[in-house]
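Throughout, a chain's letter reflects where its sequence line sits, starting with A, and its residues are numbered from 1. Here the structure is a predicted model, which is why all the values come from computation and not from measurement.
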Amino acid sequence: MSVSSGSHVSSVSEIIYIILKSRKGVLGLAIVISYLVLGFLGPTYLIDPEATSQQVADTLAVPEWFTFFNPNIPVNQEYIYSGWRLVAVEREGRLEIDTGEDIIKVSGGGRGVFIVESVDRFIYTKDPPRSILATVNYTIDLRGDTSPGYSVTYYLYNRDLEGSFRNITQGDTYYIVPRWYYIYYRDPPFSVLNTQQFEHTNKSIETSIRLPYHMINSFQPYKIPIYVNPVSELIFSKDTAISIRINITYICEPAARCEDAEAVFRLGDVKIRVYGLAYGVMGTDHAGRDVFAQFLLGARVANIFGVSAAIVIVFFGILLGSIAGYRGGSKLDHLVSFITDMTFMLPGLPLLIAASLFFGRSTLVIYIVIIMLSWPVIARLSRSWALALRNEQYVEAAIALGAGSGRIIRKHIIPAMVPLIVYGVVIEVPTVIFNEVLVQLLGFGDPTFPSWGRMLNQAYYEGALVNGAWWWILPPLTGVVSFTLGFVLIGLALDEYVNPKYRFEKAVESKRT
Amino acid sequence: MSLSRYIITRSIVMFLVFLVSIIFFFIFVRALPVPLSGGSLFLPSQTDPFLMSVLRNQDDPRFTGLVEFTIRTFGLDRPLIPDQLLLFLKNVFTFDFGYSLYSNRKVSDEILARLPYTLALYVFATIVPIVFGYYVSLYLAKTRGKALDTLLTLSGIAAFVMPPWIMLLLIYIVFAYIPKTTFGVYIVPLPVRPPSPSELSLSNIAYWLWYLTPLYVASLISFFGSWAYFFRQLVIAEMGNEYVTTARAKGLSDETIIFREITPNLKPPIVTRLAYAMPGIFGGSIAIEILSSWPGIAYYAYQAFQNYDYPVILAFFVVSAMLVVISLYLADVIIAIIDPRVRIGER
């Protein structure tokens with residue numbers, strides 16, 4: 001066998017020239033470079049790093065460019081209510097009230113109910129959202145020998161809907177539900193008014209409540225059936241103004257012992273965060289996480305994982321193959337060839353499943369097993385190269401000069417294999433990516449490893465298809481296909497030069513687990 | 001070398017390959033985790049994940065007999081090497097893997113009951129794409145450079161980037177979920193209600209075939225492309241040979257040249273390529289089996305993985321290795337019968 005026509009290709013720049021000469025190669029190189037740029041610069045500059053693991057919008061939100069066709073789809077919005085005014089007072093006994101910008105001071109014995117409303121009112125202009133995040137922020141200071149009891153209730157208030165009801169039938173039961181107010185926070189939660197404190201209190205509350213939350217439905221003075229979403233069906237409505245009301249109750253009895261009783265309520269800003277049903281470039285997944293951010297991170301992982309594993313595979317393959325080829329026909333050669341054939345016949349996917357059961361789900365184990373299964377392709381190729389190179393004149397000259405076989409392999413055989421090394425890395429990347437993605441897709445991989453395979457696994461098994469969330473399952477799918485296509489095209493461009501005898505598809509086909 | 005002698009040699013080689021792969025599997029997957037977690041290979045070890053999983057059931061009255069039996073079958077209270085290795089080899093060759101830790105049934109019975117379902121996919125995915133690709137490429141050999149030929153080349157490239165499981169996902173998206181969610185009709189069934197192994201009867205054979213359709217189509221499309229591309233390259237290479245020129249000079253038509261002169265030369269490369277492709281085809285067919293909940297051995301192993309059912313996973317690997325080796329052996333023998341040159345070592 002003579003050295004293949006690739007022997008004149010010896011440096012990386014010549015290889016790049018060969019790739020650029022064919023149309024396939026240019027296309028493949030363009031794809032690979034764009035994923036390289038996307039994977040390494042994208043997660044740093046284009047996205048919020050927390051968006052891959054945290055809820056950023058509603059679950060299964062559509063891509064934001066959908067609002068171009070339907071401007072009524074709610075997007076992420078945040079309303080901040082600062083500044084409060086007293087709108088109604090109802091009291092008995094000798095209560096004294098002192099109100100300031102965001103402070104209500106009540107003193108004396110008796111009972112009283114004070115209703116405070118936010119100065120700001122925001123007109124909501126989109127379709128009702130499915131869920132919101134409402135915050136609460138206040139400080140209570142209770143003073144006096146007999147400190148008073150209190151209760152604070154926060155509710156969403158929609159003045160435009162005042163007096164309107166929603167009629168709901170559930171079986172034989174008929175509900176009439178008022179639409180203009182909805183309690184989202186109450187302190188103390190279950191017992192009202194009779195909690196008279198006997199200690200001086202100075203407590204500060206800052207918390208947020210995600211609505212709808214079925215426990216809060218039981219706080220309402222009216223009954224709501226469990227399947228009714230109070231956010232989208234009751235309180236929010238297009239082109240109505242939403243404000244916040246706070247209901248403060250004060251009680252100190254008997255009045256004679258409450259001479260120095262005093263309660264100071266300081267009301268902080270309230271934030272209402274509307275979770276959008278349209279978000280970002282590619283929408284969100286079942287947990288409200290940004291799909292685009294996961295896609296970019298997946299591109300980075302595919303680059304690092306795929307290329308590094310391919311380099312390790314090629315390293316071992318070339319090492320074993322060139323030793324076997326240089327010693328062609330010897331016992332060592334037969335041993336390496338037998339191990340190579342053996343490894344070909346191992347069923348890869350069952351081995352990966354068993355390994356991830358016995359070692360635990362870990363990316364490192366998958367990485368090692370993929371490398372162990374994939375090196376024979378390269379070993380076979382480099383063996384036939386080394387067999388041919390052994391008969392080259394410069395190798396014979398080196399032998400005549402007394403060089404050892406280790407030195408010849410290092411100085412003469414492996415440097416002549418540069419095109420094979422590049423070609424090997426290029427054809428091994430798709431193999432590695434397909435194996436990794438498949439193992440993750442079937443659920444045998446590490447569920448915290450942010451690869452395209454994990455995205456596919458979650459999309460397939462958490463209902464992207466049933467819910468029609470194509471913006472969630474298509475990005476990782478096209479990502480895998482196009483990323484590997486880039487490498488396959490480069491491989492085809494190099495194929496004719498590196499290796500006219502050994503057909504390319506053998507290499508790819510053989511180790512697709 | 002005579003045919004019978006060739007067959008015997010191949011049997012010995014294949015048996016050796018199977019034995020070595022089982023030993024490799026035991027050392028890598030079964031034994032290696034133990035020293036990694038601080039146990040010892042040559043002494044009875046308590047850190048073996050298999051043993052820990054078995055002992056977890058110890059206090060459960062339903063499993064008391066099972067725990068002892070499993071420890072005895074696999075020798076879990078003895079050193080991993082050599083006692084457990086030898087016991088495992090004995091288990092492999094008597095095909096006895098004890099009882100499932102989850103369902104308490106005999107593992108070998110469960111595997112055998114599911115084997116036909118896996119074979120239904122694997123045999124189809126191996127044979128049909130070859131036959132299909134062979135004839136399509138022969139018929140298209142005359143149309144070189146035309147639109148159909150370009151399509152063939154493109155489908156060859158597509159086959160590299162579309163493994164059967166990606167193909168299956170696309171088929172499910174386009175022909176199952178989109179019609180179901182938008183129009184409420186089924187073109188192919190959703191992968192949610194697989195036929196149960198116990199209900200095979202004539203009445204629901206239609207449902208079985210319907211359920212199999214996307215799996216067959218996925219493996220056919222995905223494997224066909226690369227075979228057709230491969231045969232096309234072969235035919236084109238053969239066309240340049242002198243005997244084709246001679247045939248043409250004799251005045252034979254293109255069809256006669258392709259089907260009478262060229263086809264005999266196409267067979268030997270098939271076996272070489274099949275040897276490389278078979279493990280991949282097997283992997284692809286069990287991947288689509290898991291994705292579609294098709295009740296074969298791989299889906300059984302998938303469920304066992306989630307239940308930490310170690311005996312089933314061990315049996316699954318052994319059966320898979322056996323299937324791959326046997327199918328390669330069969331391919332070898334069939335080709336040796338068809339093409340005598342293989343026997344004299346022209347591979």
Side-chain angles (χ1 to χ4, degrees), chain A residues 24 338-339 341-360 369 372-373 377 380 430 434-435 437-438 441-444 456 460 464-468 470 473-474 477 480-485 487-489 491-492 503-513, chain B residues 17-18 20-21 24-25 28-30 32-33 36 49-50 156-157 159-163 165-166 169-170 172-173 176-178 181-182 190 226 229-230 233 272-273 275-280 282-284 286-287 290-291 298 301-302 304-306 308 310 313-314 316-317 320-321 323-325 328:
Chain A
K24 283 177 200 159
F338 182 73
I339 296 174
D341 286 346
M342 264 293 316
T343 318
F344 262 122
M345 292 181 198
L346 280 178
L349 188 56
L351 187 66
L352 278 164
I353 295 174
S356 75
L357 180 68
F358 276 90
F359 287 92
V369 174
M372 264 183 2
L373 291 175
V377 180
R380 237 171 234 269
F434 279 136
N435 282 312
V437 168
L438 177 59
L441 164 64
L442 299 180
F444 303 116
L456 270 179
Y460 188 69
L465 296 174
V466 175
N467 294 307
W470 52 266
I473 194 161
L474 283 190
L477 209 56
V480 172
V481 171
S482 58
F483 183 73
T484 48
L485 180 68
F487 284 95
V488 165
L489 289 176
L492 286 173
R503 290 257 59 89
F504 176 69
E505 68 272 10
K506 265 188 220 166
V508 174
E509 187 68 27
S510 58
K511 282 323 288 178
R512 192 196 283 162
T513 42
Chain B
V17 165
F18 178 65
V20 173
S21 61
F24 164 79
F25 169 74
F28 178 69
V29 171
R30 183 76 186 78
L32 197 60
L36 286 182
F50 186 6
I157 293 176
F160 297 142
V161 293
M162 291 267 182
W165 44 276
I166 284 188
L169 282 185
L170 288 178
Y172 275 145
I173 292 173
Y177 284 98
I178 289 179
T181 49
T182 49
L190 305 184
S226 59
Y229 188 70
F230 170 74
Q233 304 293 85
T272 328
R273 190 170 189 274
Y276 293 118
M278 219 89 150
F282 180 73
I286 65 174
I290 296 176
L291 279 181
Y302 171 74
F305 180 86
Q306 287 162 342
Y308 294 92
Y310 288 84
I313 297 288
L314 293 176
F316 170 59
F317 180 84
S320 304
L323 279 182
V324 171
V325 167
L328 283 175

**Report entry** Test log, rule side chain to side chain contact (heavy atoms under 4.5 Å, CB included), inputs A:I339 and B:V20
**Finding:** CA-CA 10 Å; A:I339 296 174; B:V20 173; over 6 Å; no
Report task. Could you check which of B:I290, B:L323, B:V325 has the highest count of heavy-atom pairs closer than 4.5 Å to chain A? Result -> B:I290
Query raised in the report: Which atoms form the tightest heavy-atom contact between A:V481 and B:V161, and what is the distance?
Result: CG2-O, 3.8 Å
Query raised in the report: Relative to chain A, which of B:A301, B:A298, B:G156, B:A321 shows the most heavy atom pairs under 4.5 Å?
Result: B:A321
Report task. Quick one: closest heavy-atom pair of A:M345 and B:P279, and the distance? Result -> CA-CG, 4.3 Å
Report task. Would you mind telling me which of B:P49, B:S21, B:A304 has the largest number of heavy-atom pairs within less than 4.5 Å of chain A? Result -> B:S21
Report summary line: What one should report as the nearest heavy-atom pair of A:L438 and B:A287 is CD1-CB, 3.7 Å
Query raised in the report: If you count heavy-atom pairs under 4.5 Å between each of A:L357, A:T484, A:V480 and chain B, which one has the most?
Result: A:L357
Query - Interatomic spacing from CD1 in B:I173 to CD1 in A:I473 - rounded to 0.5 Å - result: 4.5 Å
Query raised in the report: Side chain, backbone, both or neither: which part of A:F444 has an atom under 4.5 Å from a heavy atom of chain B?
Result: both
Query raised in the report: Can you name the side chain to side chain contact (heavy atoms under 4.5 Å, CB included) partners of A:A354, sequence neighbours left out?
Result: B:F25, B:V29, B:I313
**Report entry** Residues in side chain to side chain contact (heavy atoms under 4.5 Å, CB included) contact with B:Y172, at least two apart in sequence or another chain
**Finding:** A:Y460, B:L168, B:A176, B:Y177, B:P191, B:P214, B:L215, B:S292
**Report entry** Inter-residue atom distance A:L489.CG - B:F160.CZ, 0.5 Å rounding
**Finding:** 10.0 Å
Query raised in the report: Given a strict heavy-atom distance threshold of 4.5 Å, which part of B:L36 is in contact with chain A: side chain, backbone, both, or neither?
Result: side chain
Requested in this report: Quick one: do B:L190 and A:V466 satisfy side chain to side chain contact (heavy atoms under 4.5 Å, CB included)? Show the steps, please.
Outcome: CA-CA 10 Å; B:L190 305 184; A:V466 175; 5.8 Å; no
Query raised in the report: Of the backbone (N, CA, C, O) and the side chain (C-beta and beyond), which part of A:S356 lies under 4.5 Å from a heavy atom of chain B, both, or neither?
Result: both
Report task. Could you tell me which non-hydrogen atom of A:L442 sits nearest to which non-hydrogen atom of B:Y302, and how far apart they are? Result -> O-CE1, 3.1 Å
Report task. Tell me, for B:T181 versus chain A, whether the close heavy atoms (under 4.5 Å) come from the side chain, the backbone, both or neither. Result -> side chain
Query - Over all atoms of both residues, closest heavy-atom pair of A:L346 and B:F317 - result: CD2-CZ, 4.1 Å
Report summary line: Whatever's closer than 4.5 Å to a heavy atom in chain A on B:L314 counts as side chain
Query raised in the report: Out of curiosity, A:F359 CZ to B:L32 CG, how far, rounded to the nearest 0.5 Å?
Result: 4.5 Å
Report task. Please look at A:L465 and chain B and tell me whether the side chain, the backbone, both or neither of the residue comes under 4.5 angstrom of a heavy atom of that chain. Result -> both
Report task. Give a yes or no on whether the ring-centroid distance for B:F28 and A:F358 is below 6.0 angstrom. Result -> no
Report summary line: Closest non-hydrogen contact found for A:F338 with B:V17 is CE1-CG2, 4.3 Å
Report task. Measure distances from B:L328 to the heavy atoms of chain A and classify the residue's part below 4.5 Å as side chain, backbone, both or neither. Result -> side chain
Report task. Check the pair A:L351 / B:F24 against side chain to side chain contact (heavy atoms under 4.5 Å, CB included), numbers first and verdict last. Result -> CA-CA 11 Å; A:L351 187 66; B:F24 164 79; 4.1 Å; yes
Query - Derivation and outcome, side chain to side chain contact (heavy atoms under 4.5 Å, CB included), residues B:L169 and A:L456 - result: CA-CA 10 Å; B:L169 282 185; A:L456 270 179; 4.2 Å; yes
Report summary line: Highest number of heavy-atom pairs under 4.5 Å with chain B among A:V369, A:D341, A:L474, A:L441 belongs to A:L441
